[in-house]
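Sequence positions, counted from 1, serve as the residue numbers for this chain. The structure presented is a predicted model; accordingly, all values stated were derived computationally and were not measured. Because only heavy atoms are used, hydrogens play no part in the values below, and waters and symmetry mates are left out as well, while side chains stay in.
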Amino acid sequence: MTLLVIGGTGFFGKSILDFYLRNRLTSYNITRIFIMSRNADNLVEHHKDLISDSIVLINSDIMTCDKLPNADIVVYAATSTDESNYSDSNPNLQINNNRRILNFCRLASKFCKNSKIIYCSSGAVYGKQPDNIERISENLKFQDISKMDTYKKNYALSKRFDEDRIIELGKQKIKVSIARCFTFYGKYLPKQKQFAIGNFIHSAENGLPIVVNTNKLVYRTYLHADKMVDSLFKIVQNSSFNCPIYNVGSSRVKEIRTVAKIIGRIYDVPVLFNCQIDNVNPDLYIPNVDKLKKLNFSF
């Protein structure tokens, strides 16, 4: 079977390639992978360990391209998570995200009629997790996001827009699914970005103290990239015209200070807490993954 990964040079794409090259996709009969990205050849320069004869690199922008290769499975992971792309001072970047999914859906209706498609969304679509809800289920009504920080609000709006387009694609009798992805860790997680665990690891790898600056309790779940990839492939097998939606994340909850201490112990670096906890409203981002577990998954 052939696989097309759109946005294949990001965290998701590199994690998929790494999983594949360790022969972890054999149960899904994947024998060839197309990696589509504006700068797919960067993998040759920076990640030669992710290159093989069965991996085909396609330098193409999904926003403007006119064709897609034939593939049995399509993973759409082309939406940026970079905080700078969602500021109000950069409205064109948000518009471009919308143009990408619109062009993809146009092309999918021509080239992916017999494919199974999974769209990599985000738990951000739900909005701020209510304090009285322990874990977010897929049936939670989307929350008001008007008062959220600009980045979080615009990112959530972009993902909601994309999800609606994918659901419409299903109505065209194309088999689709949506993975609402939460928090992960792994070899290719971006560092020095907005991801706290990536920043912690970057500091630790360079022998620097891990610094925690928040004055509130921050609760997250962290799923390893291998289980994230396996989750995506289990979900995409269930793609249908009705577009099933699954949360993807771990069921194990960690407070951010605990995460910092664990990484500090692993790398033997100090952990500094610059702020006392004085904010009574915890920052929650915790998925209910019971639906995913029904696909024979354990966390």
>> Quick check for you: to the nearest 0.5 Å, what is the distance between Lys128 atom NZ and Ile133 atom CD1?
In response: 10.5 Å

> What's the spacing between Ile58 CD1 and Cys65 SG if we round to 0.5 Å?
Replying inline: 9.0 Å

> Do any N or O atoms from the side chain of Gln172 and from the backbone of Ser109 form a donor-acceptor pair under 3.5 angstrom?
Replying inline: no

> Hey, what's the ring geometry for Phe11 with Phe184, parallel, tilted or perpendicular (30° and 60° as the breaks)?
Replying inline: tilted

> With a 4.0 Å cut-off, would you call Arg220 and Asp283 a salt bridge?
Replying inline: yes

>> Working to the nearest 0.5 angstrom, can you tell me the gap between Leu292 CG and Lys227 NZ?
In response: 10.5 Å

> Which is it for Asp72 and Arg32 under the salt bridge (charged side-chain N to carboxylate O under 4.0 Å, His left out) test, yes or no, and what are the steps along the way?
Replying inline: CA-CA 10 Å; Asp72 300 293; Arg32 196 178 194 202; over 6 Å; no

>> To the closest 0.5 Å, what do you measure between OG1 (Thr9) and CD1 (Ile35)?
In response: 8.0 Å

>> Hydrophobic clusters here meaning ILVMFWY residues chained together by side-chain heavy-atom distances under 4.5 Å, can you tell me if Leu223 and Ile245 are in one?
In response: no

> What residues form a ring-ring contact (aromatic ring centres under 6.0 Å, His included) with His46, not counting sequence neighbours?
Replying inline: none

> So Ile101 and Ile166, side-chain contact (heavy atoms from CB on, under 4.5 Å) or not? Walk me through it.
Replying inline: CA-CA 8 Å; Ile101 195 67; Ile166 296 297; 4.0 Å; yes

> Where is the tightest heavy-atom contact between Lys216 and Glu255, given as atom of each residue plus distance?
Replying inline: O-OE2, 4.0 Å

> Of the non-hydrogen atoms in Leu57 and Ala40, which two are nearest, and what is the gap between them?
Replying inline: CD1-O, 3.6 Å

> With Ile197, which of Ile256, Ile263, Ile262 fulfils side chain to side chain contact (heavy atoms under 4.5 Å, CB included)?
Replying inline: Ile263

> Which atoms form the tightest heavy-atom contact between Ile277 and Arg257, and what is the distance?
Replying inline: CG1-NH2, 3.5 Å

>> Could you tell me if Arg22 sits above the aromatic ring of Phe19, with its cationic atom closer than 6.0 Å to the ring centre and no more than 45 degrees from the axis?
In response: no

> For the atom pair CZ (Arg100) and CD1 (Ile62), what is the distance rounded to the nearest 0.5 Å?
Replying inline: 9.5 Å

> Any idea which heavy atoms bring Leu284 and Pro130 closest together, and the distance?
Replying inline: CD1-O, 4.1 Å

>> I want to know whether Tyr76 and Tyr119 have ring centres closer than 6.0 Å.
In response: yes

> Hey, does the side chain of Asn98 reach the backbone of Phe161 with a donor-acceptor pair shorter than 3.5 angstrom?
Replying inline: no

> Does a side chain donor of either Ser54 or Tyr20 reach within less than 3.5 Å of an acceptor in the other side chain?
Replying inline: yes

> Only one of Tyr246, Phe195, Tyr285, Tyr222 forms a ring-ring contact (aromatic ring centres under 6.0 Å, His included) with Phe182, so which one is it?
Replying inline: Tyr285

> Just wondering, more than 12 heavy atoms not from Asp268 lying within 6.0 Å of its CG?
Replying inline: no

> For Ser146 and Asp144, does a side-chain donor sit closer than 3.5 Å to a side-chain acceptor?
Replying inline: yes

> Using 4.0 Å as the upper bound for N to carboxylate O, is an ion pair formed by Arg160 and Glu163?
Replying inline: no

> Do you know which two heavy atoms are closest between Cys120 and Val75, and how far apart they sit?
Replying inline: SG-CG1, 3.8 Å

>> Quick check against the 3.5 Å criterion: does Thr221 have a side-chain atom that pairs as donor or acceptor with the backbone of Ser250?
In response: yes

> Are Leu25 and Ile117 co-members of a hydrophobic cluster defined by side-chain heavy atoms under 4.5 Å apart?
Replying inline: no

>> Quiz question: by atom type and distance under 3.5 Å, do the side chains of Tyr28 and Asp230 form a donor-acceptor pair?
In response: yes

>> Taking the ring of Tyr185 and the ring of His224, is the distance between their centroids below 6.0 Å?
In response: yes

> How close do Ile118 and Leu232 get, heavy atom to heavy atom, and via which atoms?
Replying inline: CD1-O, 3.5 Å

